[in-house]
S.K.: 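There's a structure below that I have some questions on.
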Protein chains: 4
Amino acid sequence: MIERSFNKKMSPRSKEQNEVIRQQSMTSIKEAALEMFAKYGYHSTKISQIAKEAGISNGLLYNYFGGKEELLRAIVKDAMDQNDAGWLMALQSDVPPKEKITLAVEATFENIKSNVHYWKLLSALAFQPDVQKSMEDLVMAKKELYINLLIELFQEMGYAEPEREVFYFGAILDGIFLHYMNMQDAYPLDMMKDMVLQRYR
Amino acid sequence: MIERSFNKKMSPRSKEQNEVIRQQSMTSIKEAALEMFAKYGYHSTKISQIAKEAGISNGLLYNYFGGKEELLRAIVKDAMDQNDAGWLMALQSDVPPKEKITLAVEATFENIKSNVHYWKLLSALAFQPDVQKSMEDLVMAKKELYINLLIELFQEMGYAEPEREVFYFGAILDGIFLHYMNMQDAYPLDMMKDMVLQRYR
Amino acid sequence: MIERSFNKKMSPRSKEQNEVIRQQSMTSIKEAALEMFAKYGYHSTKISQIAKEAGISNGLLYNYFGGKEELLRAIVKDAMDQNDAGWLMALQSDVPPKEKITLAVEATFENIKSNVHYWKLLSALAFQPDVQKSMEDLVMAKKELYINLLIELFQEMGYAEPEREVFYFGAILDGIFLHYMNMQDAYPLDMMKDMVLQRYR
Amino acid sequence: MIERSFNKKMSPRSKEQNEVIRQQSMTSIKEAALEMFAKYGYHSTKISQIAKEAGISNGLLYNYFGGKEELLRAIVKDAMDQNDAGWLMALQSDVPPKEKITLAVEATFENIKSNVHYWKLLSALAFQPDVQKSMEDLVMAKKELYINLLIELFQEMGYAEPEREVFYFGAILDGIFLHYMNMQDAYPLDMMKDMVLQRYR
DNA sequence: GATGAATGAGTGTTCATTCAT
DNA sequence: GATGAATGAACACTCATTCAT
């Protein structure tokens, strides 16, 4: 907990200081929320628990986020942005197509391993029709983007029916991630990665 | 209410008559609940909605099921039993291994197409840590069974590392089903099935 | 459970037979209800439990009693009538006053020992303002009667302030019964009886 | 709402201010609940009635008490603590035994008169097997304590069978209080007190 | 007389959200 | 910016009572 109070005699905080404080608070809220959403599910996670875990008061949460759902949206957005980095870098890099797919797969598996919480949450949301709906716009945009990039890639790789391959490729990856989410360390993630890569070598 | 036997004595219903009534009520409750759980999610589906959809009173639901969660359990159990039929018939049938896997895959895809609600629900539950926990026992038992049957099958088919193949096979199937659940009729389910079967021919 | 059904071919029951059946049912209902009211409290005893314990259906109970509260009234009435017997016999018997009080005390203690359920119930009701109100008329009538009989008795026994003595006497008895209700067999009931009698010898 | 310190900073309430608010709320809830439990009975008193009477919302009650039963426990505990004061002071005071019993009796009768609600509630609970059970631990502890103190006292006073006397003494007191609870102002409480004291002088 | 499926008003409890400070 | 007391709509569940058979 950063030293925030007990500055009765101090001069008022500057704009910058305030911004820093805001960012810190928002981050710790989002971190706490992400962990708990992933661990206990969206509906079962209570605002008060998040606030407690984040070390702030219930009310403050509403200074930064419009409500529970908006908080979720912010997290989902973060998750997606974070995922983009490696993925896009791979797909848009300047190497031969076969390299690209390898890079992309490697990046994704790495990402998954180091951000289990994000992925758990995203997977879960994919199946919660109620919550899902309010995230649909976010997800759809990304989905479009990725699918198009992949189609292009498989075309370059010489697939006659690139769309078909995209569907299949996507299914394998999501299936693997799904199982990994459920079994965690008991899952042979690297072995699966190799099997995936084998198909494209 | 097709026929009301009008007996002067007004004797109470027979045990059999009551059993029929009970089964009808339970079925309509489970059907309504399944549909709404799948469509709106477990937490967002309210008991009163289910009762309304089933055409009964709130209270009656509690004559047949101990509560919301027990109702869910009953549905999940039904879903699993229903799935078993085709799957086990294929795996335990008396045909060459390669035929078996084909039969099993065909059966599963058929099952999925005709029971989207069940599968949507099961998929969703797989990602809801809170609800999931209370279903764990039900799921685990099945999982064990299927995995063992599959390992055996892949062994017969000559795979050097049958377990690895089971994981991979399972991931593909689950990935496909996952996407199908989300996209429904827009998903090229049959095409994906062919791609799966190709691998084992 | 008396053989009640399976008489398809039998001639209709006579008025008398019906009356017997009615009495049996009412008695078994009241017995079951008394026991459970005493054991678990009025509010915590459910109609369905009573019906089960009495070996009848929920609905039948309403053929005999207007509802839960009316059932309670019927039981309370029984309890009072039963208590009257020994008590009145003693007070109205043709023996010297000092004998009378002894007889009455003896009778009451006997009664208590053999009808713990009745007394537990009555005691409890005395303190449940909600339930109590609907029984008030029943209780008041008896109370009046007993108090008057006792005043008369203590007068005969030569007490200068018979009313005062009635209050005191009543308090002792009720206090003892109260403790007995709570401690049951662990309570030195006979010893207490002797202490009471001592005062009036 | 006597005074609202209007500080520009709108800083949150201090720990102490909050504590005061909390105590006030808890007290008004307990007071309302005590009155209504005593007047209408535990089961017949609804949470919403208590909240209304206390001038708060339903929900707030749950900020302070885990539920209806815990609220009852808190009240019972208060009642007992309050009762202890005079009673223990008398029994543990440094006067001759005969004085002690007089002091204790006086204290108890005073206490009863000024805390009718508490006593009504406690008496009622003594007869409600369902509610009683959850309070048993609270009651038992006190009971032990008092009985032992009394036994000691009667021993000092020279009674050959002090335990017997404790039972009798307790029965008389409880019987009197019981009647007082029921008849309230119509009961000759002081007269009864004198009769009790007479026995020990 | 007897049954038990069905009802639905009523209740305790939860929790996202607000707002005075 | 920060707090946490307070709100109240919403919900799961209970159970006395009804009524078709």
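Every chain is numbered from 1, with letters handed out A, B, ... down the list of sequences.
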S.K.: Would you call D137(D)-R73(D) a salt bridge at under 4.0 Å N-O?
M.R.: yes
S.K.: Testing Q17(B), K15(B), Q23(B) one by one against E19(B) for a side chain to side chain donor-acceptor pair (under 3.5 Å), which residue passes?
M.R.: Q23(B)
S.K.: Here's a test of your reading of the structure: between Q49(B) and K68(C), which maps to the more 5' nucleotide of DNA chain F?
M.R.: Q49(B)
S.K.: Calculate the interatomic distance between I21(D) atom CD1 and dT7(F) atom P; express it in whole Å.
M.R.: 12 Å
S.K.: Considering heavy-atom distances to DNA chain E, does N18(B) or N58(B) have its closest nucleotide positioned more toward the 5' end?
M.R.: N18(B)
S.K.: Answer with base, sugar-phosphate or nothing: what part of the nucleic acid does T45(D) contact at a heavy-atom distance below 4.0 Å?
M.R.: sugar-phosphate
S.K.: Examine dA2(F): is either OP1 or OP2 under 4.0 Å from a nitrogen or oxygen in the side chain of S25(A)? Give yes or no.
M.R.: yes
S.K.: Could you state the OH-P distance from Y42(A) to dA16(E), rounded to the nearest angstrom?
M.R.: 8 Å
S.K.: Please find the pair of heavy atoms, one from S44(C) and one from Q49(C), that lie closest to each other, and give the distance.
M.R.: O-OE1, 4.0 Å
S.K.: Among dG12(E), dG1(F), dT13(E), which nucleotide sits nearest the side chain of L60(A)?
M.R.: dG1(F)
S.K.: Within 45° of the ring axis of Y42(D) and under 6.0 Å from its six-membered ring centre, is that where the NZ or CZ of K68(D) lies?
M.R.: yes
S.K.: Checking T45(C) side chain against Y40(C) main chain: does a donor-acceptor pair fall under 3.5 Å?
M.R.: no
S.K.: Out of curiosity, I47(A) CD1 to K52(A) NZ, how far, rounded to the nearest 0.5 Å?
M.R.: 15.0 Å
S.K.: Side chain of S57(D): nearest nucleotide among dA2(F), dT7(F), dT21(E)?
M.R.: dT7(F)
S.K.: At less than 4.0 Å, is any side-chain N or O atom of R13(B) found next to OP1 or OP2 of dA20(F)? Yes or no.
M.R.: no
S.K.: In whole Å, I'd like the distance from the CD atom of E19(B) to the P atom of dT3(E).
M.R.: 18 Å
S.K.: Roughly, in whole Å, what's the span from CE in M36(D) to P in dG12(E)?
M.R.: 12 Å
S.K.: Is there any ring-ring contact (aromatic ring centres under 6.0 Å, His included) pair reaching into residues 47-79 of chain B, and which pairs are they, with sequence neighbours excluded?
M.R.: none
S.K.: Are OP1 or OP2 of dG1(F) and a side-chain N or O of N63(A) less than 4.0 angstrom apart?
M.R.: yes
S.K.: Output the rounded distance in Å from NE2 (H43(C)) to P (dT11(E)).
M.R.: 12 Å
S.K.: Closest approach to the side chain of I47(A), judged atom by atom: which nucleotide of dA16(E), dA2(E), dT7(F) is it?
M.R.: dA16(E)
S.K.: Using atom CD of Q17(C) as one end and atom P of dA2(E) as the other, report the distance to the nearest whole Å.
M.R.: 12 Å
S.K.: Rounded to whole Å, how long is the line connecting atom CD of E69(A) with atom C1' of dT17(E)?
M.R.: 14 Å
S.K.: Y62(B) side chain N/O closer than 4.0 Å to the phosphate oxygens (OP1, OP2) of dT14(F)?
M.R.: no
S.K.: Could you walk me through whether Y118(D) and V76(D) pass the side-chain contact (heavy atoms from CB on, under 4.5 Å) test, one step at a time?
M.R.: CA-CA 8 Å; Y118(D) 275 136; V76(D) 168; over 6 Å; no
S.K.: Which whole-number value in Å describes the distance from K46(A) NZ to dT17(E) P?
M.R.: 12 Å
S.K.: Would you mind classifying the nucleic acid contact of Y64(B) as base, sugar-phosphate or nothing, using non-hydrogen atoms under 4.0 angstrom?
M.R.: sugar-phosphate
S.K.: Just call it for L61(D): base, sugar-phosphate, or nothing, with non-hydrogen atoms closer than 4.0 Å on any strand.
M.R.: nothing
S.K.: What's G67(C) touching, base or sugar-phosphate or nothing? Going by heavy atoms closer than 4.0 Å.
M.R.: sugar-phosphate
S.K.: Using Watson-Crick or G-U wobble pairs with both distances under 3.5 Å, give me DNA chain E in dot-bracket, 5' to 3', with [ ] for crossers and | for pairs to another strand.
M.R.: .||||||||||||||||||||
